[in-house]
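Only one structure is covered here, and it is reproduced in the block below.
Chain letters run A, B, ... following the sequence lines, proteins first, then strands; residues in each count from 1.
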Amino acid sequence: MSENQNRNFVVSQENWSLHRKGYQDQQRHMDKVKDAIKNNLPDLISEESIIMSNGKEVIKIPIRSLDEYKIRYNYGKSKHVGQGQGDSKVGDVVARDGKPGNQQAGPGQGKKAGDQPGNDYYEAEVSLEEVQNILFKELELPNLKKKEVADMVTEKIEFNDIRKKGLMGNIDKKRTILTAIKRNAMKGKAEITPIHNDDLRFKTWDEVTKPETKAVVLAMMDTSGSMGSFEKFCARSFFFWMTRFLRTKYKTVEIEFIAHHTEAKIVTEEEFFTKGESGGTICSSAYSKALELIDLKYNPVRYNIYPVHFSDGENFSTDNEKCFKLVQQLMDVSSMFGYGEVNPNNRYSSLMSTFKRIDDPKFRHYILRQKKDVYEALKSFFQKQETTA
Amino acid sequence: MEKELHRAIEEITDIAVGFGLDFFPMHYEICPAEIIYTIGAYGMPTRFSHWSFGKQFHKMKLQYDLGLSQIYELVINSNPCYAFLLDTNTLTQNKLIIAHVLAHCDFFKNNVRFSNTRRDMVESMTATAERIANYEMLYGKEEVEKFLDATLAIQEHIDPSIVRPNLLDYENEIDNDDIVVPRSVYDDLWDLDKKEEPKPTPIFKKKKFPPKPEKDLLMFIEMHSRELEEWQRDILTMMREEMQYFWPQLETKIMNEGWASYWHQRIMRELNLTTDETIEYAKLNAGVVQPSKTSINPYYLGLKIFEDIEKRYNNPTEEMKRLGVKPNSGREKIFEVREIESDISFIRNYLTKELVDQEDMYLFEKKGHEYKITNKDYENVRDQLVSMRVNGGFPYIVVENGDYLRNGELYLKHGFEGMELDPHYLEHVLPYIYQLWGRPVHIETYVEQKPVLYTYDGKRNYRKAL
């Protein structure tokens, strides 16, 4: 610090390194964003932009609770003053909806809160991964019966380390060049050459053993006329998250789509979610198909099998008994059997009343009445449990 | 570098004094970006913690990191006056900022609106921060944050009059009232000696409470809410004091920035700059004083009005001469203006028709999905600018009745002058007021030219036509 008495000013440069307040409150704000995500999970996970994004990494999520609310004027209904280049006329368009004009914020100290009209909520940019992490914290894989062959082990070589010495064949060119550039830059010129012996970097490996885990989701859905777009969307969001969740637990997760009305067939994902067919419903056809598929491709010894069936609950009443038996069979070979019934109007469901007789921890069901219930269904299918029978 | 900076400050200070600027002793602090943006976000070197500051800081720092922010001037109204310089500023940037902040400081010291601001607010806010931190320890961070959230939502609704009629006046009046909020729990002890006269059953002759509509919502709640703990009243008092300190800055944004821009230009012209420095300065200056199509840039408009006043008073018309304006009195006049006006009177008195035309100012409104120019008439533009600056740009809200429906409910009224409130925001603020008041809260306003009452009863919002 130096002082200038006659001039009456002081210039100083203090040590500010302990001044962390901005970062602390920033952290608090981030935590609140996280909380808001958590509190909004039921809405978020059935958010169309996520489900349809096919895993696009960053999504914008409206988080209303983080606005700093004040009593303020209605921007869209007020008159505002602007300045033209000298040739403005009544009727000229100065901005379009959303964000009026170029948002060059004037420099200066003033807080510019709330000067972006039309955008009346705080939009947090959240990566899919964040949502996923928060959601998956609440889910757990039902570990109902220990797989006998739990440890199918594969031995593998993994290149996961970098050293200064190694086999010339394993040289890491990129790192070597980077090191050379860095060292040369320190001497004044950021060039690749010359490359010294010291710059060489080699990849080295470890031998790792990993249990090989595979899972398959047998997605079954009623595509009869009674399943509308809402019902399908619920099913779609559910499968979206379920597959993602299983991927965090298993090395590979496959998914097979079985669509059925009175008979079942294996279809592509697109057909599964978009094609609608009319006609009645025989659910057992899907279950038989699933069993068939398991026999054919997915040996329960090697696969953790998750058959999940979405339906609106309307089934030919004569078929219910058959369903009951087939589901039992499916459960014998599966890790879990899930039944999601999309039933917004609370109709009587013949299938559900049959399934009520099943008393097996592997059987999980949930009745979805609104979009938000996708979250509840996930939680109920993959609930954390204290004790395992 | 440091020596150069010192020399520059000395020179600029000399020039400023020579121009007649009158400022407090200056304290220039050189600091890194995260500090300057911290102080910028909090508005003070040390202030209480709240996530909203963190959000602001994050935004500002991000812009800086991405290279989107322009130069940043940060000056605190205090004695000595603190100004902050970014440690990566070039000398030219620093010169501009120093010239600019000296004029700000002159404004803080001499404008009448600032006459009551505490010049020791840096220390005072530090003390506030410590008290609040202490309350966080005692009552929990969450609890304090919840309370701050509610308080900050209505923080601007104070009475910033420079001369405030004696507050106690209506206190006394209310004390005679029948339904009095007990001032302390021991009040009844005073009455023990008294004979048990049959109390005149309160025939509610019902004096109004408050007797006149009260503008100071914050103080009204602090004094009359039955909901608040002592520490909460303390926080309300402190928040009110902070707002009282910031208020003159809200009221004089256009003038203050205009004044500072006017002087940084005049001062920079006096300096011996190299060609490179001149070009650098010209670019910086152009970035600061630049009109906008969709808003008013206070730096630009304020500057233009000051320049216009000076020009007109240097060459007065016959009419002006008759009124006693002497030729070449422009400089003198602008010093007088900077002393006695605020944005509202500044615009009303000095934004002339010629200036509105010259600056191509217009009114625009939302029409469908577009914002269109709807009017270019001088008076309409001026009046709209004035009404946007009324009450520091915030809707004018008063407490109409603190005992609405004889149920202690709070009845607020929006002084509607043509601009509607944002209903979505309003419905979020009402629960906050409810939280502070503890009973249903109503607010009367206008929607589509019709009076409407918004109510929050602790569970949900209602809206009804009046």
Side-chain angles (χ1 to χ4, degrees), chain A residues 2 4 7-14 16 19 21-32 66-97 100-102 104 106-111 113 115 120 122, chain B residues 6 9-10 13 25-32 34-35 38 40-41 49 51-55 57-58 70-74 153 253 257 288 291 293-297 299 359-366 369-374 376 381 384-385 395 397 419-422 424-426 428-429:
Chain A
S2 61
N4 190 326
R7 287 289 166 227
N8 224 355
F9 69 81
V10 175
V11 181
S12 70
Q13 185 157 20
E14 276 168 40
W16 290 97
H19 208 96
K21 194 158 198 167
Y23 287 110
Q24 284 159 11
D25 280 341
Q26 179 181 337
Q27 190 52 47
R28 175 71 193 130
H29 174 235
M30 306 283 242
D31 289 348
K32 284 184 79 86
L66 284 190
D67 252 329
E68 296 150 61
Y69 291 104
K70 307 252 175 203
I71 301 176
R72 67 170 196 189
Y73 292 121
N74 190 337
Y75 189 92
K77 279 187 167 185
S78 306
K79 294 176 187 151
H80 311 275
V81 184
Q83 270 183 277
Q85 311 270 16
D87 54 356
S88 69
K89 294 184 300 297
V90 170
D92 285 0
V93 176
V94 293
R96 294 188 199 281
D97 217 357
N102 44 349
Q104 40 135 15
Q109 78 266 51
K111 283 204 241 170
D115 63 352
D120 66 347
Y122 180 75
Chain B
H6 271 253
I9 296 177
E10 251 171 70
T13 310
M26 297 296 298
H27 184 132
Y28 299 98
E29 180 71 35
I30 300 163
C31 49
E34 59 236 45
I35 297 306
T38 304
S49 292
W51 58 266
S52 60
F53 299 135
K55 175 176 156 186
F57 165 69
H58 183 53
Q70 291 165 301
I71 58 163
Y72 194 65
E73 36 113 353
L74 182 57
K253 182 82 184 153
E257 294 303 355
V288 175
K293 272 164 73 178
T294 51
S295 62
I296 282 302
N297 177 355
Y299 295 76
E359 292 303 326
D360 196 20
M361 294 168 74
Y362 50 72
L363 288 180
F364 67 95
E365 279 174 78
K366 189 170 179 187
H369 290 293
E370 293 171 334
Y371 288 85
K372 277 190 181 164
I373 298 178
T374 50
K376 293 198 65 177
V381 169
Q384 181 60 27
L385 260 182
I397 311 285
M419 285 196 278
E420 286 182 21
L421 302 182
D422 181 330
H424 172 70
Y425 266 54
L426 188 61
H428 275 87
V429 174

Please check this pair: side chain of A:D25 against backbone of B:G54, looking for a donor-acceptor N/O pair closer than 3.5 Å.
no
Among A:V81, A:V93, A:V90, residue most engaged with chain B (heavy-atom pairs, under 4.5 Å)
A:V81
Do the side chain of B:K376 and the main chain of A:S88 share a donor and acceptor less than 3.5 angstrom apart?
yes
Give a yes or no answer on whether the side chain of B:D422 reaches the backbone of A:Y75 with a donor-acceptor pair at less than 3.5 Å.
no
Shortest non-hydrogen contact from B:E29 to A:E14?
OE2-N, 2.8 Å
Quick one: closest heavy-atom pair of A:Q26 and B:F57, and the distance?
OE1-CE2, 3.2 Å
Measure up the A:F9 and B:H6 rings against each other and bin them: parallel (under 30°), tilted (30 to 60°), perpendicular (over 60°).
tilted
Between B:E420 and A:K77 (side chain of the first, backbone of the second, donor and acceptor by atom type, cut-off under 3.5 Å), is there such a pair?
no
What part of B:I35 lies closer than 4.5 angstrom to a heavy atom of chain A: side chain, backbone, both or neither?
side chain
If you measure only the distance, is there a donor-acceptor pair under 3.5 Å linking the side chains of A:H80 and B:T294?
no
Do the non-hydrogen side-chain atoms of A:E68 and B:W51 ever get within less than 4.5 Å of each other?
yes
Are side-chain heavy atoms of A:S12 and B:H27 found at a separation under 4.5 Å?
yes
So which part of A:Q27 gets closer than 4.5 Å to some heavy atom of chain B, the side chain, the backbone, both or neither?
neither
Can you check side-chain contact (heavy atoms from CB on, under 4.5 Å) on B:S49 and A:K21, steps first, answer last?
CA-CA 8 Å; B:S49 292; A:K21 194 158 198 167; 3.0 Å; yes
